[in-house]
Structures are given as C-alpha cells and as structure tokens.
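These numbers come from a predicted model, not from an experiment. For ligands, and for the atoms within them, numbers begin at 1 and follow the listed sequence.
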Amino acid sequence: MAKLFRAAIMGPPGSGKGTISERIAQSFGLQYLSSGHFLRESISANTEAGVQVKTYVEKGMLVPDHVMTRLMMPRLEKLSGQSWLLDGFPRTLVQAQSLNSLYQLDLVISLNIPYETLKDRLSDRWIHPGSGRVYNMGFNPPRVQGKDDITGEPLIQHDDDKPEALMARLRHYKDVAKPVIDLYKSQGILHSFSGTETDRIWPYINSLLSTKMHAQPLDNHQSQAP
Ligand SMILES: Nc1nc2c(ncn2[C@@H]2O[C@H](COP(=O)(O)OP(=O)(O)O)[C@@H](O)[C@H]2O)c(=O)[nH]1
Ligand SMILES: Nc1ncnc2c1ncn2[C@@H]1O[C@H](COP(=O)(O)OP(=O)(O)O)[C@@H](O)[C@H]1O
C-alpha cells in the first residue's frame, strides 16, 4: 500500500481552491477537508463551536486560531489511515505551526490569480448554503438558474463576495498568508501556480500530484504479506 499523502491548498478567496480540490479529490482519492465548509456546517447545526464562530464568518473575519485548530484537528484524527487535502486551513502562521506539530505535509499548492480575475469570479459566485457546492454563472452554471443541482434548493451569494468588500479581503489574505507561504517554502514543499483559468492550471497540478504520489516510498510495514 502506498504511503499516506497529506496536502494543503492555499490561495485568496475566489482563486479556485474549492474547484481544484474537488478535482484532486476525485482524481486521486484524497479526503477533502474544507475549513469554510466545516464552519458553515457547525453554524447551521447550531453547535457550541457554531455559535462561537458565527459572527466572525458572517463578517468575513478570521476565526481565532485556537477555535480553528479545535475544529480541524479532531477531523484529521478521524482520518488517521487516509490521505487528505486541506482547503482553507492553515490560514495563519499559528495554525500552520499547530498543524506542523502533529502532521508533516507532503505538498502545499499555492494559487496566484490576478485581482481582476478574482473580482469577476466572485461577483458571479453562487453557493448552495446546505452543502457548500459552488457555482459560477459563466464557468459552471447550475442546471436550473438559481437552484442547486442536487437538492433544487435556492442558491445564495455571500455579502463578502461583493466587489466593495473584496479588495480589503484580498489585502488581508496576502498579509496573513505570507508567513505561512514562507514557512512551506523553507520546508521545500510549496508549489505555486499562476494563471487566470482553472482549466489551464489543472493539468499542471494533475501532473505534479501524479508524480508526487507515485514517488511516495512504499510503506514496508503495510505492504508486506502477513
Ligand atoms: N470564469 C471562471 N470561473 C472559475 C474558474 N475556476 C473557478 N471559477 C469559479 O470562481 C468562483 C471561485 O472558485 P472557488 O473554487 O469557490 O474558489 P475558492 O474561494 O478559492 O475556494 C466559483 O464561482 C467557481 O465556480 C475559471 O477558471 N474561470
Ligand atoms: N483557517 C481559517 N482561520 C480563520 N478563519 C477561517 C479559516 N477558514 C475559514 N475561515 C472563516 O470562514 C470564512 C469562509 O471561508 P472560506 O469558505 O474558506 O471562504 P473564502 O475562500 O471565500 O475566504 C472566512 O471568511 C473566515 O471567516
């Protein structure tokens, strides 16, 4: 059996993390964990964590590090025998250090997408709040306008995806992400991809993952016959 593979994807809001993660999960069988999805799930289930994080998420502010770590770690522990891909976590240096103390990542993907592209995409982004499924009216529209493909429920737009909130969000993202990116660069596991179209970036990510996952040394303990 191949060794476990652990990856994270980083990039500003709208850079295509969710879209690319879905392709990675499908093509390579990694478990996909999205911090934003877990947060929204806790909020709609009205759990203790959900009550704690609601105001931050609604205002587009970062949830405090210790709350985020407490939300994510148990979910990673449950996946102890599996390969996974993290989206949206770690977002700060403190979160990255907490993660590092428990798991060594094999690969971090960083997406660099021009501001104008992000602005256009997010103003066209519609979400199914129950599942986190993401649509774009030009790129991947729902089958029926304004309705989720699976449940038929209405789609919504996040207030913080509107252009007036976006510039501040992107600036903030850059400030917070820089030390995290530097950390992963210094560990030699950071791979950056630039471009304006997911479909053009995807083949490079696909080929990187194929190489990296096949290059993983076999785990002798698990591969030996009993
Ligand atoms: N026009 C266009 N839209 C895209 C492309 N890639 C992703 N999107 C859309 O852009 C929005 C942001 O993508 P998403 O994966 O949610 O980004 P995230 O915020 O980084 O997770 C969504 O509405 C996607 O459907 C692309 O190459 N072109
Ligand atoms: N790792 C994190 N640390 C702190 N807050 C987070 C984290 N991940 C998500 N959030 C919160 O959840 C919101 C939605 O996150 P996400 O779905 O990743 O959207 P986006 O990529 O559009 O920022 C963020 O605006 C922030 O409030």
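Taking the side chain as every heavy atom from C-beta outward, T117 and E197 never approach each other to under 4.5 Å. In this structure the side chain of P142 never reaches within 4.5 angstrom of the side chain of D148, judged on heavy atoms. Residues R75 and L71 have side chains in contact (heavy-atom distance under 4.5 Å, counting atoms from C-beta outward). Counting heavy atoms from C-beta on, the side chains of T19 and N136 never come closer than 4.5 Å. T198 has its side chain within reach of R121: a pair of non-hydrogen atoms, C-beta onward, lies under 4.5 Å apart. In this structure, R133 and T151 have side chains that are in contact, with non-hydrogen atoms separated by less than 4.5 Å. Here the side chains of L76 and L99 are in contact, with some heavy-atom distance below 4.5 Å. With a 4.5 Å cut-off on side-chain heavy atoms, F28 and N206 count as touching.
Regarding atom 1 (N) of ligand 2, its nearest protein heavy-atom neighbour is G88 O, 2.7 Å. For atom 12 (O) of ligand 2, the closest non-hydrogen atom of the protein is L39 CD1, 3.3 Å. Ranking the protein heavy atoms by distance from atom 18 (O) of ligand 2 puts R91 NH1, 3.3 Å first. What sits closest to atom 28 (N) of ligand 1 on the protein, heavy atoms only, is F139 CD1, 3.5 Å. Nearest protein neighbour of atom 10 (O) of ligand 1, counting heavy atoms only, is R121 CD, 3.3 Å. Scanning the protein heavy atoms around atom 14 (C) of ligand 2, the nearest turns out to be R40 NH1, 3.8 Å. Here the protein heavy atom with the shortest distance to atom 3 (N) of ligand 2 is Q95 NE2, 2.9 Å. Nearest protein neighbour of atom 21 (O) of ligand 1, counting heavy atoms only, is G18 N, 2.9 Å. For atom 16 (P) of ligand 2, the closest heavy atom belonging to the protein is G36 CA, 4.0 Å. The nearest heavy-atom contact from the protein to atom 27 (O) of ligand 2 is M61 O, 2.5 Å. The single protein non-hydrogen atom nearest to atom 11 (C) of ligand 1 is R125 CD, 3.9 Å, given as residue, atom name and distance. Looking only at heavy atoms of the protein, atom 5 (N) of ligand 2 is closest to V63 N, 3.0 Å.
Using a 4.0 Å cutoff on heavy atoms, S34 does not count as a contact of ligand 1. The closest approach between any non-hydrogen atom of H37 and ligand 2 is not below 4.0 Å. Under a 4.0 Å heavy-atom criterion, P13 is in contact with ligand 1. By the 4.0 Å heavy-atom criterion, G16 is counted among the residues contacting ligand 1. Put simply, part of R125 is less than 4.0 Å from ligand 2, judged by heavy atoms.
Checking only distances, F89 never comes within under 3.5 Å of ligand 2, N or O to N or O. Residue K17 has at least one N or O atom closer than 3.5 Å to an N or O atom of ligand 1. Taking any N or O of V134, backbone or side chain, none lies under 3.5 Å from an N or O belonging to ligand 1. Between L122 and ligand 1, no N or O atom pair is found at a separation short of 3.5 Å. Considering backbone and side-chain N/O of E197, none are found under 3.5 Å from N/O of ligand 1.
Nearest approach of H128 to P154, heavy atoms of both residues: CD2-O, 4.2 Å.
Within the listing of ligand 2, atoms 4 (C), 5 (N) sit less than 4.0 angstrom from a heavy atom of L62. Heavy-atom contacts of P12 reach the following atoms of ligand 1: 20 (O) (cutoff under 4.0 Å). The ligand atoms of ligand 2 that sit less than 4.0 angstrom from a heavy atom of R169 are 20 (P), 22 (O), 23 (O). Every atom of ligand 2 is numbered from 1 in the order shown, and the set under 4.0 Å from a heavy atom of V57 is 12 (O), 27 (O). Remark: ligand 1 atoms within the under-4.0 Å shell around heavy atoms of T198 are 5 (C), 6 (N), 7 (C), 26 (C), 27 (O). Here is the list of ligand 1 atoms found below 4.0 Å of a heavy atom in N140: 25 (O). Ligand-side atoms of ligand 2 in range of S35: 7 (C), 8 (N), 9 (C), range being under 4.0 angstrom from any heavy atom.
Residue S21 does not touch ligand 1, judged by heavy-atom distances below 4.0 Å. The backbone and the side chain of T19 each have at least one atom closer than 4.0 Å to an atom of ligand 1 (non-hydrogen atoms only). In Y135, the part holding a heavy atom less than 4.0 Å from any atom of ligand 1 is the backbone. When non-hydrogen atoms are compared, ligand 2 lies under 4.0 Å from neither the backbone nor the side chain of M72.
Without hydrogens or angle criteria, N140 side chain to V134 main chain gives a donor-acceptor distance under 3.5 Å. When atom types are taken as modelled, the side chain of S123 and the backbone of D120 share a donor-acceptor pair closer than 3.5 angstrom. Side-chain atoms of Y32 do not come within 3.5 Å of backbone N or O of D87 as any donor-acceptor pair. Judged by distance alone, the side chain of S83 and the main-chain N or O of F5 form a donor-acceptor pair under 3.5 Å. With K17 contributing its side chain and I9 its backbone, the two residues share no donor-acceptor pair below 3.5 Å.
Atom CD of Q157 is separated from atom CE of M137 by 8.0 Å, given to the nearest 0.5 angstrom.
The residues K212 and D106 are annotated as not salt-bridged, no charged nitrogen and carboxylate oxygen being separated by less than 4.0 angstrom.
Considering I181, V180, D182 as possible partners of K178, the one that fulfils the side chain to side chain contact (heavy atoms under 4.5 Å, CB included) test is D182.
More than 12 heavy-atom neighbours from other residues, nucleotides or ligands sit within 6.0 angstrom of OH on Y115. In E41, the CD atom is crowded: over 12 heavy atoms of neighbouring residues, nucleotides or ligands sit closer than 6.0 Å.
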